[in-house]
Every structure is written in C-alpha cells, then in structure tokens.
Amino acid sequence: MTPRGDPDAQERRRRPPAHPALRLTLDTPVTYLKGVGPARATLLAKLGISMAGDLLRHVPHRYEDATTVTRIVDAAVGSDVTVLGQVIAKGVLPTRKGLRVFQAVIQDASGMIEVAWPGQPFLDRTIAKGDWLLCTGAVRFFHGRRLQPREFVNLGPEEEGTAGGRVLAVYPSTEGLSVRLLRGLVQQHLDALLPLVSEPLPVDLLAEADVPPLRDALRMVHRPDSVVEAVRGRSRLAFEELLCVQILHRRANQVARQARGGRRFVNRRDLTTKLRAALPFQLTHAQVRAIREIVADMASPRRMHRLLQGDVGAGKTVVALFSALLAMENGAQVALMAPTELLAEQHARSIGTMLAPLGITPVLLTGRLAAKDKRAALTRLASHEPVLAIGTHALLQDDVSFADLGLVIIDEQHRFGVEQRATLGNKGEAPDVLLMSATPIPRSLALTLYGDLDVSVLDERPPGRQPITTVVRPESGRGKVFEFANTQLDAGRQVYVVYPLIETSEKIELKAATTMYEALLAGPLAGRRVALLHGRLPSDTRDDIMRQFRDGALDVLVATTVIEVGIDVGNASVMIIEHPERFGLSQLHQLRGRVGRGAAQSYCILLGDVGAEAAERLAMFASTEDGFEIARADLQLRGMGDLFGAKQHGLPAFRIADPLRDEALNETARQVADRLLQEDPGLEAPAHQALRQLLTVGYARALDLFRVG
Ligand code: ADP
Ligand code: MG
C-alpha cells in the first residue's frame, strides 16, 4: 500500500537508507533492488511501486493454468478461448475499407493461429517476433481460423508457459515493462521480502473472517500452487482493504455522531399527524420504519446525513414529505432538489395535492419561471415563513437564499455531484440532509460507497399495484407487438417506444431513433399522435414534449433514454424497448418503472433478436420486479463504474478488492469493523496497534479519526 498520510514514511522515502546494501526493508526504494535501475524505477513508479514493499503489494490480476489455456490446435471457430503462443510472423496490413490491421501468427507446441487487431497498427511497435502472447477472444473464420483478442498480454520472450500444471501469474504491467519482467522481479525478491512482512490484523480476527495471515497470503498470490490457492491469498488482501475502508467509515460516523452539531427538531406531531390523516392510503411498514429512523435523526442534536433507498415506486416522496413537515412544524425551511424540471414540477404538483388539506403550498423554483414569479419565490424563501421549496439546479444559484434552511432533500441524488449537494447544504446552517436514490444496492456496499452516511431502505412496495407483464419478443414478432400496442392505444392508453444509445455516437443514436420514428409513423402507428424525444433537443423543447405526453396530447413517445428519469404518466401502459440487450439491467428497470403507475395492467416488451447470453439476462429481468435483485445482477455484470460515476461519488480506491464481487467478504468486513470499534473505538488496545498503524499509513483520513491521546 502506498503511504499517503504518514509523514514519517514520506520522509523515509525521500531519504535513501544509509546502507542499502546492508539491510533490506519493506521501505527500501526499488532502485536499490537488484535488477532495477533508474529507468525501470521510473516505469515501476507508474505502477505505484516505489518501495520494495509495494512490489509485494503489486499482485497478479489474473492467473492462467493448463485448465484455462486452450491448446491452439483446439481453438475451434465460434468458440471463445485463451491461448498462449509465440509470435512467429507479424505485420500491418491495410484492408479494403482503409482500416489498418495489425496481424501476428502465434504458435504453441500444438499448432499456430492468426491473431488480428483491426485499427491498431501501433501494436507493431510493441510486439516483437519471439514474444509470447496470452490472448483471449473469439475465434472466427477468415481465410482460416483467426482470433480477434478482446484482451491480450505480452509476456515477453522466453515464456515458460503453463505446462506441467504450473500456474502462470499475470501482473498488471505498463509499456516498456513486460509481464515477464515484473514476474521475474517479484520472484527474485520474494523470498527475501516475505520474512519482513508482519501481521497487522489480530489473530482472532483472521479466524473470524477465515482468511490466511498476510505473509502466507502474499506467497499464495505471487507463487501459488494452484489457482484456488491464489484466490484464497487474494481474498485476504481484499479483506484487509475492505476492512480498512469499513473501519474508517464506521469510525467517521461515530466521530460525527459526537461532533456534528445539528439542529434538534422537536417531534410536535402537528403537521405530520395531519398529513397522515389526509393521505388516501396507509403507509407501508417500510415507510413507517424509514420515517421513524429519520425522525430519530432529526430529533437528535447531531446533523442528519441519511440515504433513503428504495426501488422505483416504493414511495420515497411521502417519506421525504414527513421529514419536511417535521422541519416545518419547527419553523424551519426545507429545500427539495430534483434533477430535471419535469421531475421538480411533478413533485410540486403531487406534493401540492397531498399538502392542500393542510393549507400548505410548496414554492416551485426552476429555470423556466418568469422573472416575476421567480422574484416572488425568492421573497418567500428569504422571509421567515417555514416554506417547502421544490426545484432544480436553479436552487443552487447565488441569488437564492433561505432565511432558515433546516432540511435539504435531494431526489435521484446520483444525478448530482458532490459539490452541488454541498452547495445546497451551505445555504443553511448545518441543515439536516436526506438523499434519495432509486438504485437499491446491498447495505454493506452502500456503506462502502457512501461513506459515513446512514442508510434507510424501503424494501416493500405499496400494496395494490398491478405487476407489470414483461416479455421478450424476437424481431419476427414486431408486427404483433405493434398490433398489441394499437389495441392499447384504442383503449385510450399511451405507449413508449425506447431506443438505446447506439455506440457512443449521438449522431447515430439520433439517426436510429429518427428513422424508426418515421417508419413507425408511416407504418404501424399511422394516424397516431407521435413525438420524437432525444437528447439533442433543447431541454425546454424536451420538457414541452413530455408535458404534452403527460397531458394526453400525444399518444406515443418515441424516445432515447432521456425518459429514464422523471416522467410519471399513469395512463401509459406499454413500454416497448428496442435492442434491449444494449441496456444495463438497472436501466431497463428504470425504464419499465415508467409504466404500471396507474390502475391499468401494464406491459414491458423487449423487442429484438438477442444472443444467447443476453437472452438469459433478459429472461432474468423479465422474471422479477425486485429492484434489489436486478441491481445486484447488474452490478455483478458490469462493475460499479457504470452505475455510479466513480469520481462523483468519491468512491474509495481499491487496489485489490471489488466491494461488489467481494460482497460476502465486504459484509464480513463490516461486521468485524462494527465489533472492533464497539470494543475499542480508538483502536488503542495493544493488540490493535498494528492495525491502527496500517490505517494511518494507508489512509490520510485515519490521522484525524484515530488521533493518539
Ligand atoms: P418513488 O419511490 O419512485 O419516488 P413515489 O414516491 O413517486 O415513488 O411513489 C409512487 C406512487 O406510489 C405515488 O403515486 C404515491 O402516491 C404512491 N404511494 C406511495 N406510498 C404509498 C402507499 N403506502 N400506499 C399506496 N400508494 C402509495
Ligand atoms: Mg421518486
């Protein structure tokens, strides 16, 4: 782990040890290691390796053994394989389309195969004849067998292979530093370095998590006897990372509980009781529980910082409303921010209806307000009236100031950046904060992602909602699908037809949707009132179209994914999704959530010819409406980066762990962290010194959280 916070370690790094030749330590700069000169040290630094200990922590990201590597002779057309072969010929060839293709022929003991990288002529510079390449990809037929690698690793010359049951460790490398060279360096120094490694985790804790001691784990990952062993070694390293992050978060939460000066709202049960009486429905158990958690936070002297997660349609708005009323009955003001104007308007309308019996009218603040209305809104916010302001980013503007902002609610919180959320928070004096998210994720993961937030979960659907019928239909069924859509339209319902973002080109996306829009108008939807909605339209035009659809002035909305968030049209009963295989499951779930909002039976139709793998995913999606299950499957398929902009969320950086794929390990880490901090909040016990040291060296934040004395 690279020290970030520890000034001593930084100092040690700047100053080479007096007698490097005499004593090797984990802090010895790599330049002093045999086989590393200044040039290589620079390359190693690119990989985050500057000290001998970093070399130990640079672990293989992949292993190959005889069971995972296919003999070249057995690489059949149509299969997906990993092969290991030596380059015996190579060159760059132009194709008729003007694309330049780098091609190589690789050979192992069994035979040879052509490997091609279209559009990557530059590989000719880095791949040499005689190099061993580990290539993974599909084998196609193209004047013979041809492998097009999805992924490949240049192992350099003199590859030893995986023959004889050996496990081949593949390290993350960088240009100029081959995998073979890295592996050689690690192997060369491993025996000298391992004895220097001391155990930072208490023994009982290792047993609790069922992971091997650090020294064993490092040997297992660098020099495994089997892939199974390597995986076990890795689990230890991953666990350590997850544990550190969980400890920091839990500790930060603990410290905040003591220090965060917030406002103490008194549960007067004045407005909230009135709301409960006025609601046309019973709250679900989950809603009651979430409200209770929120009220407890708001009534305590500390500042609330809570995430409310719940599937689409779980009823987050009402929960938010209870918290708003609690603030207001204490004389404070509330701001509810949503990511789109339409969503803000929708909230203003539905909340306005719910609050009408209480004689409360929310203040709407969006970019499209006329100057006069905006002035009026600003005046109300600046007065000491306990208002509920509902708006978009417009709330963040400098000229918006609140007399007494006591609570901030942010809907679809992942649509906002950290700064934006902070800007709104800064418009009051340490207001309580409630974030809302419709992408439900496992609790331990939420705690990892959202740091010191508290989490409430709505894991129950309001009763009486009709399940949505989801089906997958092939292209050949297109005629029938639109026939069905027409029967729904004849019955007075409305329909969405959604196109994916194709490739990353907006132009192509637009063309696909436009072409389809025209084809639909000329064909199955002739005579219907249809509009085309896509991201290239100016946002007010977009909002206008959405409003028309909402008001029933349009029958069909042909759209790209811009409708994903923020439209609630109870009368829409059919969602047709084209090229469904191009969407992530969570995205499909959000799209599906646009129908089934009224009393009518609703349908989600996934239309298109998809491959076997996609068919399986889509079948899983069609079989459940449980957002948690879907989000989890999606996260596992795509990783977290896609679902959560990593930067935006300040995701902790993991070198080895993946809090999602390692969910079970992460859950264990959370439990262990909780127990540990309960027993020894400051990690002051002698048995915890090494762990505390590990934290303070690895994480700058730990210095504040675990101050000595
Ligand atoms: P989301 O969690 O997606 O934001 P909303 O808050 O928009 O969900 O609620 C979806 C719909 O469910 C709204 O029309 C709301 O009035 C309704 N609703 C919320 N809670 C209940 C409940 N307990 N019983 C019945 N309907 C409810
Ligand atoms: Mg909502």
Side-chain angles (χ1 to χ4, degrees), residues 272 275-294 306-325 334-358 362 388 390-392 408-416 434-441 446 455-468 546 550 563-573 575 586-600 602 604 625-628 630-631:
T272 50
L275 175 64
R276 208 179 281 250
L279 282 180
F281 47 73
Q282 287 268 311
L283 294 173
T284 64
H285 295 294
Q287 282 171 325
V288 171
R289 189 181 58 223
I291 291 169
R292 201 180 303 133
E293 287 165 355
I294 291 168
R306 185 170 284 274
L307 173 71
L308 174 63
Q309 355 178 32
D311 206 346
V312 189
K316 293 184 288 294
T317 316
V318 166
V319 174
L321 202 49
F322 273 93
S323 70
L325 292 180
V334 180
L336 165 61
M337 182 163 72
T340 66
E341 301 212 329
L342 207 74
L343 201 52
E345 285 174 16
Q346 218 160 258
H347 276 318
R349 187 172 312 105
S350 63
I351 289 176
T353 310
M354 285 192 266
L355 293 186
L358 283 66
L388 167 58
I390 299 178
T392 55
V408 163
I409 304 169
I410 300 184
D411 195 15
E412 304 288 345
Q413 59 95 18
H414 62 286
R415 299 264 159 168
F416 295 95
L434 181 66
L435 304 171
M436 302 201 284
S437 159
T439 304
I441 51 175
V455 181
S456 290
V457 182
L458 295 186
D459 50 5
E460 188 185 345
R461 225 166 248 280
R465 201 152 303 152
Q466 294 227 36
I468 299 169
M546 297 254 218
R550 180 193 66 203
I563 60 154
E564 193 186 330
V565 155
I567 190 160
D568 185 3
V569 180
N571 188 47
S573 65
M575 164 68 64
S586 293
Q587 217 178 359
L588 287 175
H589 187 58
Q590 292 283 337
L591 287 170
R592 177 168 59 185
R594 299 300 112 208
V595 295
R597 301 180 83 91
S602 290
C604 175
E625 278 189 65
D626 181 339
F628 277 89
I630 290 167

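Whatever order the structure lists them in is the order used to number ligands and atoms, beginning at 1.
- The distance criterion of under 3.5 Å between nitrogen or oxygen atoms is met by G313 with respect to ligand 1.
- In this structure, the protein non-hydrogen atom closest to atom 16 (O) of ligand 1 is F281 CE2, 3.6 Å.
- Considering only heavy atoms from C-beta on, D411 comes within 4.5 Å of H347 through its side chain.
- Taking each heavy atom of I409 and A324 in turn, the nearest pair found is CD1-CB, 4.3 Å.
- At a 3.5 angstrom cut-off on N or O pairs, P462 does not count as close to ligand 1.
- Neither the backbone nor the side chain of L458 comes within 4.0 Å of ligand 1, counting heavy atoms alone.
- At least one donor-acceptor pair under 3.5 Å links the side chain of K316 to the backbone N or O of G310.
- None of R289, R292, E293, Q287 except one satisfies the side chain to side chain donor-acceptor pair (under 3.5 Å) rule with S456; the exception is E293.
- In terms of heavy atoms, L458 sits closest to F628 at O-CE1, 4.3 Å.
- Numbered from 1 in the order shown, with element, the atoms of ligand 1 that lie under 4.0 Å from a heavy atom of Q282 read 22 (C), 23 (N), 24 (N).
- Here is the list of ligand 1 atoms found below 4.0 Å of a heavy atom in T284: 23 (N).
- Under a 4.0 Å heavy-atom criterion, A314 is in contact with ligand 1.
- Near V312, with a cut-off below 4.0 Å to any heavy atom, the atoms of ligand 1 are 3 (O).
- For atom 9 (O) of ligand 1, the closest non-hydrogen atom on the protein side is G315 CA, 3.6 Å.
- Listed for the D311 side chain is a donor-acceptor partner under 3.5 Å among the backbone atoms of G627.
- Remark: minimum distance from atom 13 (C) of ligand 1 to any protein heavy atom is reached at R465 NH2, 4.9 Å.
- Counting non-hydrogen atoms of neighbouring residues, nucleotides and ligands closer than 6.0 angstrom, the CD atom of Q282 reaches no more than 12 such neighbours.
- Donor-acceptor pairing under 3.5 Å is lacking for the side chains of Q309 and S437.
- Looking at L283 against ligand 1, only its backbone comes within 4.0 Å, counting heavy atoms.
- S602 places a side-chain N or O within donor-acceptor distance of the main-chain N or O of G596, the cut-off being under 3.5 Å.
- Less than 4.0 angstrom separates some heavy atom of T317 from each of these atoms of ligand 1: 4 (O), 5 (P), 6 (O), 7 (O).
- Of the N and O atoms on the side chains of T284 and R461, not one donor lies less than 3.5 Å from an acceptor on the other residue.
- For atom 11 (C) of ligand 1, a protein heavy-atom neighbour is found at a distance under 4.0 Å.
- Using a 4.0 Å heavy-atom cutoff, L279 is absent from the residues neighbouring ligand 1.
- The proximity of Q287 to ligand 1, defined as any non-hydrogen pair under 4.0 Å, is limited to the side chain.
- Within 4.0 Å of atom 7 (O) of ligand 1, at least one protein heavy atom is present.
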